[in-house]
Q: 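Attaching a single structure in structure tokens format; questions to follow.
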2 protein chains.
Amino acid sequence: MDLPMTSVASNQNNATTSYHHGNLREALLSAAVDSIREQGAENLSLRALARVVGVSQTAPYRHFADKNGLLVELARQTFDELSGITSDCIDPSLSSAENLLRAGEAYLRYAIANPEKYRLIFGSSITNREQYPQLRTSAHSAFNVLLQLMAEGAQRGEFLNTEPMILANNCWSSIHGFALLTIDGVFARKEQPLGFDDMLRTHLQLTLRAIQYIPQNLPGAIPFSD
Amino acid sequence: MDLPMTSVASNQNNATTSYHHGNLREALLSAAVDSIREQGAENLSLRALARVVGVSQTAPYRHFADKNGLLVELARQTFDELSGITSDCIDPSLSSAENLLRAGEAYLRYAIANPEKYRLIFGSSITNREQYPQLRTSAHSAFNVLLQLMAEGAQRGEFLNTEPMILANNCWSSIHGFALLTIDGVFARKEQPLGFDDMLRTHLQLTLRAIQYIPQNLPGAIPFSD
DNA sequence: ACCGGCATGTTTACAGTGAAAACATACTAT
DNA sequence: ATAGTATGTTTTCACTGTAAACATGCCGGT
């Protein structure tokens, strides 16, 4: 689980130490994931990666234009993982509100379990994002899961009857902010009245509440109304 | 505006180039603000700062234990600026809801006008935060502005009758997330139905809506109800 | 079966960085 | 006046990203 064996044969399969690694690109990416998990993307060193993988210090440049290129590839993978995790939560037979809570929780748990990967996909460790259309595509399809959910909820009358983009921006801000404040340990530095799981679910409830359509004279639909 | 003259005499006052700079600490901080504004905190170089200020490359170490120490000082200043800006918005004669919208807008506008400073105070450019109690104090008092507002609003019956900390966590997440997504250019990369100012205010309205107590049978209190 | 080209690795080199250590200077308090 | 200390400088080390030139060996066409 911690050390995913690369599928293709590595250089240790044959007795003769082969000049060619055979799987360097994947090995570097895997080592990079470990490295940023432990020290963050800011401290990633291509030379250190090369050392770990057992290759000369400039070998990585045969597979990535530069350090930024490697980070972009990691970010792309991370966006795709987020897309998968959240869209797996969505069940059309459930209410949109329920789907939002489920997907939101999955998103937050992923972010918190992979703080450095989450930080990587936003923020400024990666530069010149506009030069990597694949990255934009992956990011876009992750956001689309949310956008679609908003459109559906608005159409069903569960959410406010507004542009789905507006609802999505709001939800995403709220969840993203919560993820980062958690990751950055800001909440942990204050005395919290709730345990973390309750805090997380309460936050999602409030996030939902911001965009939920409230039928008049139906107080039961309002959480926390007293 | 861009080049704040340091108040104490600089070395160019006397004809003789003085060995001692006289105001190096402040000059370094000022140069550092310019530097991170242009290139971000990740690319800050103490040596480059020293060059700009006209001093040897290790002179900064007489005033800051290391690069992290300088960043901590910048972060502390930034937290204090945020405290000032937001608490200036709060007028006890207004409703808590109104105060939240005002302070929230000021907070967001500051963050967006000073993206690199805002990024600095969160995130991982600064390491070993726990070793700097002053930083924690400044961060704490910035958060307290919000916390107090929540307590007041809850007491007045404007906000949900819950722990102020829970309300504050939610509001802060929402506003923080919006600030970062804006700064990181994520919103800008999508087609937005609203101009930025409207988008900002709409987001704050929804953020308020998440925690606002809604008196039953009073539909006018619900924004966006259709 | 050869062999030439190309993908993949290596060696070497350069310029930049944070930071420690030893040294120089000049302000300030006695 | 002078000693002590705060402030600056020089030198040095280990590290980084990455460019350039070179080596190796796999793979496909003859």
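Residue numbers begin at 1 in each chain, while the letters A, B, ... track the order of the sequences. Since this is a predicted model, take the numbers as computed values, not measurements. Heavy-atom basis, side chains included; hydrogens, waters and symmetry copies ignored.
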Q: In whole angstroms, how far is the P atom of dT16(D) from the NZ atom of Lys67(B)?
A: 14 Å
Q: Need one value for Arg51(A): base, sugar-phosphate or nothing, where a base atom within 4.0 Å counts as base even if backbone is also close, heavy atoms only.
A: sugar-phosphate
Q: Return yes if a side-chain donor-acceptor contact under 3.5 Å exists between Asn169(B) and Gln192(A), otherwise no.
A: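 Yes - a donor-acceptor pair under 3.5 Å links their side chains.
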Q: Grab the CD-P distance between Glu26(A) and dT8(C) for me, whole Å please.
A: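 Computing the Glu26(A):CD to dT8(C):P distance gives 12 Å.
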Q: Do Phe196(A) and Phe187(A) have ring centres separated by under 6.0 Å?
A: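 No; Phe187(A) has its ring centre 6.0 Å or more from that of Phe196(A).
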Q: Let me know the distance between CD of Glu42(B) and P of dT17(C), rounded to the nearest Å.
A: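 Computing the Glu42(B):CD to dT17(C):P distance gives 16 Å.
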Q: Whole-Å distance between dC15(D) C1' and Asn43(A) CG?
A: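 Going from Asn43(A) (CG) to dC15(D) (C1'), I get 13 Å.
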Q: Indicate yes or no: does Arg189(A) engage Glu130(B) in a salt bridge with an N to O separation below 4.0 Å.
A: no
Q: Using atom CZ of Arg62(B) as one end and atom P of dA6(D) as the other, report the distance to the nearest whole Å.
A: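 Going from CZ in Arg62(B) over to P in dA6(D) covers 10 Å.
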Q: Return the value, rounded to whole Å, for the distance between atom CG of Leu24(B) and atom P of dC27(C).
A: 15 Å
Q: For this output row, return yes or no: ring centroids of His176(B) and Tyr118(B) closer than 6.0 angstrom.
A: yes
Q: Tabulate protein N/O versus nucleotide N/O from nucleotides 12-15 of chain C, keeping only pairs under 3.5 Å, one per line.
A:
from: dA13(C); atom 1: N6; to: Gln57(A); atom 2: NE2; distance (Å): 3.4

Q: Under 3.5 Å, is there a donor-acceptor pair between the Ser174(B) and Thr207(B) side chains?
A: yes
Q: For DNA chain C, whose closest nucleotide is more 5', that of Ser56(A) or that of Asn68(B)?
A: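 Nearer the 5' end of the strand: Ser56(A).
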Q: Give one of base, sugar-phosphate or nothing for Leu70(B), where a contact means two heavy atoms less than 4.0 Å apart.
A: nothing
Q: Return the value, rounded to whole Å, for the distance between atom CG of Leu49(B) and atom C1' of dT17(C).
A: 13 Å
Q: Is the shortest side-chain N/O distance from His63(A) to OP1 or OP2 of dA7(C) below 4.0 Å?
A: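 For dA7(C), neither OP1 nor OP2 has a side-chain N or O of His63(A) closer than 4.0 Å.
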Q: Just jot down the side chain to side chain donor-acceptor pair (under 3.5 Å) partners of Arg76(B), sequence neighbours excluded, or say none.
A: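 With neighbours one apart ignored, the set is Glu73(B), Asp80(B).
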Q: Between Arg109(A) and Asp197(A), is there a side-chain N and carboxylate O pair less than 4.0 Å apart?
A: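 Counted as a salt bridge, because a side-chain N and a carboxylate O are separated by less than 4.0 Å.
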Q: Whole-Å distance between dT16(D) P and Gln39(A) CD?
A: 10 Å
Q: Between Ser45(A) and dT16(D), does any side-chain N or O lie under 4.0 Å from OP1 or OP2?
A: yes
